[in-house]
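I have placed the structure first, in the form of structure tokens, so that the comments after it can refer back to it.
Given the structure is predicted, the values throughout are model-derived calculations rather than measurements. Every heavy atom of this structure was used, including side-chain atoms; hydrogens, water molecules and symmetry mates were not.
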Amino acid sequence: MFQLYKERNFNTLINDTFGFIKQSGKNYFKNYLIFSGGLLLVLIVLMYLVGKVFFQSLFTGFATGESPLVDEYFDSESGFFISAAILSVILILVITLVSFSFPVHYFKLKEKEETPNTNSILSLFKQKTGRMIIFGFLFFITFLPIGIIVNLISGFLFSIVIGIPVSIILSASFTAWICLTYFNYLNSDETYFSAMGTGWNMLFSNYWAHMGSTAIIYLITFVAQIILVIIPYIVVMIIAAVNTTSGETDHTSTLSLMGVMMLVIFILYVVLAYFFGNIIMINQALIYYSCKEDQDKQSVHSEIDLIGSDSE
């Protein structure tokens with residue numbers, strides 16, 4: 001059984017993140033798809049319907065010098081576009097909340113069960129729905145304003161070569177603080193602001209290991225995500241170049257096809273972001289449980305209980 005309560009340093013946090021995926025990833029992502037797969041599918045269809053005309057027109061506009069399809073689309077289907085846009089935003093918020101909450105509930109069950117099942121996870125979702133929604137609302141008045149400031153500072157520092165490491169440190173620290181706050185808020189009876197304080201203390205209890213592992217996992221997932229998106233992008237560019245030079249299709253049709261393919265690539269990027277976000281959350285879960293181990297020595301208590309049960 002995967003050991004959650006364990007004191008971890010920088011190397012152990014990274015190794016255990018991928019060790020967990022190797023050992024329990026199949027069960028984890030199967031359950032994640034059960035909870036988020038349907039919502040993601042609806043979002044994909046909605047994004048495709050809304051974006052198809054826009055992306056096609058954007059690329060054909062390069063050939064014709066205008067974009068009549070976009071104008072016609074907004075004029076005749078403005079109601080649909082506005083409704084679809086609002087629904088997309090709501091779906092993104094719901095999917096983000098579910099994706100952000102799923103790892104917390106899964107690891108809570110993982111404390112006692114080797115392979116948490118769908119019914120158990122669903123039961124926790126029902127129990128914690130109120131706190132999940134409250135966190136979502138309070139997030140917008142606390143972490144969001146702070147995040148805007150952090151992103152502005154990080155963006156400025158990133159534009160300066162020597163400021164890139166500081167930018168990464170700031171972003172990783174802020175990400176870890178949010179995640180640790182959420183783990184504390186859902187797994188305890190703490191108030192929101194108390195959980196923020198606890199998350200902050202956890203982050204700095206072993207700062208360089210916690211921040212560093214967060215940064216490394218984020219960079220690994222970001223590079224993997226970009227590679228998986230760039231490969232189909234390169235294929236699309238090659239196909240377009242071959243069709244254009246060979247004269248098999250007219251230039252406008254080729255650009256229209258490119259528009260659709262770019263939309264598909266964009267949707268792929270969004271879906272991959274949710275899946276790779278789980279890897280970051282797995283890393284944050286291990287940080288959380290290593291902090292709990294450091295505070296409460298849960299593994300020692302478990303071993304004592306096992307000794308007691310064996311003697312009986």
Heavy-atom pair with the smallest gap, counting every atom of Ser213 and Phe10: N-CE1, 3.5 Å
Pair Ser24, Lys110: side-chain N/O donor-acceptor within cut-off below 3.5 Å: yes
Expected output: side-chain Arg131 to main-chain Tyr185 donor-acceptor under 3.5 Å: yes
Given the rule in the side-chain contact (heavy atoms from CB on, under 4.5 Å) test, do Leu170 and Leu157 qualify, once you have shown the distances and angles that lead to the verdict? CA-CA 10 Å; Leu170 278 175; Leu157 292 171; 4.0 Å; yes
Do Asn31 and Thr118 get their side chains close enough for a donor-acceptor pair, meaning under 3.5 Å? yes
Does the side-chain contact (heavy atoms from CB on, under 4.5 Å) test come out yes or no for Met132 and His105, once each step is laid out? CA-CA 11 Å; Met132 289 163 53; His105 299 325; 3.7 Å; yes
His210 side chain to Ser205 main-chain N or O, any donor-acceptor pair under 3.5 Å? no
As a quick check of understanding, evaluate side-chain contact (heavy atoms from CB on, under 4.5 Å) for Phe107 and Tyr288, giving each step before the final call. CA-CA 10 Å; Phe107 278 94; Tyr288 169 79; over 6 Å; no
Spell out, yes or no, whether Leu41 and Leu93 are grouped together once hydrophobic residues are joined by side-chain heavy atoms under 4.5 Å, including indirect joins. no
I'd like to know whether Asp16 forms a side-chain contact (heavy atoms from CB on, under 4.5 Å) with Phe20, so could you lay out the CA-CA distance, the side-chain angles of the two residues, the decisive distance to 0.1 Å, and finally the verdict. CA-CA 6 Å; Asp16 281 2; Phe20 172 84; over 6 Å; no
Taking all atoms of both residues into account, what is the closest heavy-atom pair of Gln284 and Thr214, and its distance? NE2-OG1, 2.9 Å
So if I apply the side-chain contact (heavy atoms from CB on, under 4.5 Å) rule between Ile217 and each of Ile279, Leu13, Thr175, which one comes out positive? Ile279
Judged by modelled atom types alone, do Tyr218 and Ser171 share a side-chain donor-acceptor pair under 3.5 Å? no
Between CD1 on residue Ile168 and CG on residue Leu219, distance to nearest 0.5 Å: 5.0 Å
Quick check: is Ile227 connected to Leu268 through a chain of hydrophobic side chains (ILVMFWY, heavy atoms under 4.5 Å apart)? no
Should the ring pair Tyr289 and Phe183 be called parallel, tilted or perpendicular, given that the plane angle runs from 0 to 90° and is split at 30 and 60? perpendicular
In one Ile/Leu/Val/Met/Phe/Trp/Tyr side-chain cluster, 4.5 Å: Phe102, Leu122: yes
Short question: side chain of Ser154, backbone of Asn151 - any donor-acceptor pair under 3.5 Å? no
Are any non-hydrogen side-chain atoms of Ile267 and Val264 less than 4.5 angstrom apart? no
In terms of heavy-atom contacts, does OH of Tyr207 have more than 12 from other residues, nucleotides or ligands at under 6.0 Å? yes
Gln225 side chain to Tyr269 main-chain N or O, any donor-acceptor pair under 3.5 Å? yes
Determine whether Asn27 and Tyr106 make a side-chain contact, defined as any pair of heavy atoms from C-beta on separated by less than 4.5 Å. yes
Atom CG of Leu180 and atom SG of Cys291: how far apart are they, to the nearest 0.5 Å? 6.0 Å
Tell me, do Phe100 and Ile178 make a side-chain contact under 4.5 Å, heavy atoms counted? yes
Looking just at side-chain N and O atoms, do Asn117 and Ser120 make a donor-acceptor pair shorter than 3.5 Å? yes
For Ser88 and Leu43, the nearest pair of non-hydrogen atoms, with its separation, is O-CD1, 4.1 Å
If we ignore angles and hydrogens, is there a donor and acceptor under 3.5 Å between the side chains of Tyr182 and Ser101? yes
Kindly assign one of parallel, tilted or perpendicular to the pair Phe174 and Trp177, based on the angle between their ring planes and the thresholds 30° and 60°. perpendicular
How many angstroms lie between CD in Glu113 and OG1 in Thr115, if you round to the nearest 0.5 Å? 7.0 Å
Member of Asn184, Thr142, Thr181 meeting the side-chain hydrogen bond (donor to acceptor under 3.5 Å, both in side chains) criterion with Tyr192: Thr142
When you check the side-chain N and O atoms of Thr198 and Asn201, is any donor under 3.5 Å from an acceptor? no
In short, Glu114 meets Gln23 closest at the heavy-atom pair OE2-NE2, 3.6 Å
Would you say the side chain of Phe276 lies within less than 4.5 Å of the side chain of Phe222, judging by non-hydrogen atoms? no
Let me confirm one number: the CG-CG distance from Leu124 to Leu186, rounded to the nearest 0.5 Å. 9.5 Å
Do you reckon Val89 sits in the same ILVMFWY cluster as Val271, going by side-chain contacts under 4.5 Å, direct or chained? yes
Anything under 30° is parallel, anything over 60° is perpendicular, the rest tilted; go ahead and classify Phe35 against Phe125. parallel
Indicate the atoms forming the closest heavy-atom contact of Asn278 with Pro103, along with that distance. OD1-CG, 4.0 Å
Please find the pair of heavy atoms, one from Met211 and one from Ser173, that lie closest to each other, and give the distance. CG-OG, 3.3 Å
Hydrophobic clusters here meaning ILVMFWY residues chained together by side-chain heavy-atom distances under 4.5 Å, can you tell me if Ile146 and Ile169 are in one? yes
Distance-only side-chain donor-acceptor flag, Tyr274 / Thr96, under 3.5 Å: yes
Is Ile133 isolated, or which residues cluster with it under the ILVMFWY side-chain rule of less than 4.5 Å, directly or via members? Phe137
Verify whether one side chain among Ser99 and Tyr32 offers a donor that lies under 3.5 Å from an acceptor in the other. yes
SG on Cys179 to CG on Leu203, rounded to 0.5 Å: 10.5 Å
Any non-hydrogen side-chain atom of Lys292 less than 4.5 Å from a side-chain atom of Met202? yes
Measuring from atom CG of Leu39 to atom CD1 of Ile92, what distance do you get when rounded to the nearest 0.5 angstrom? 12.0 Å
Under 3.5 Å donor-acceptor, Asp294 side chain and Ser290 backbone: no
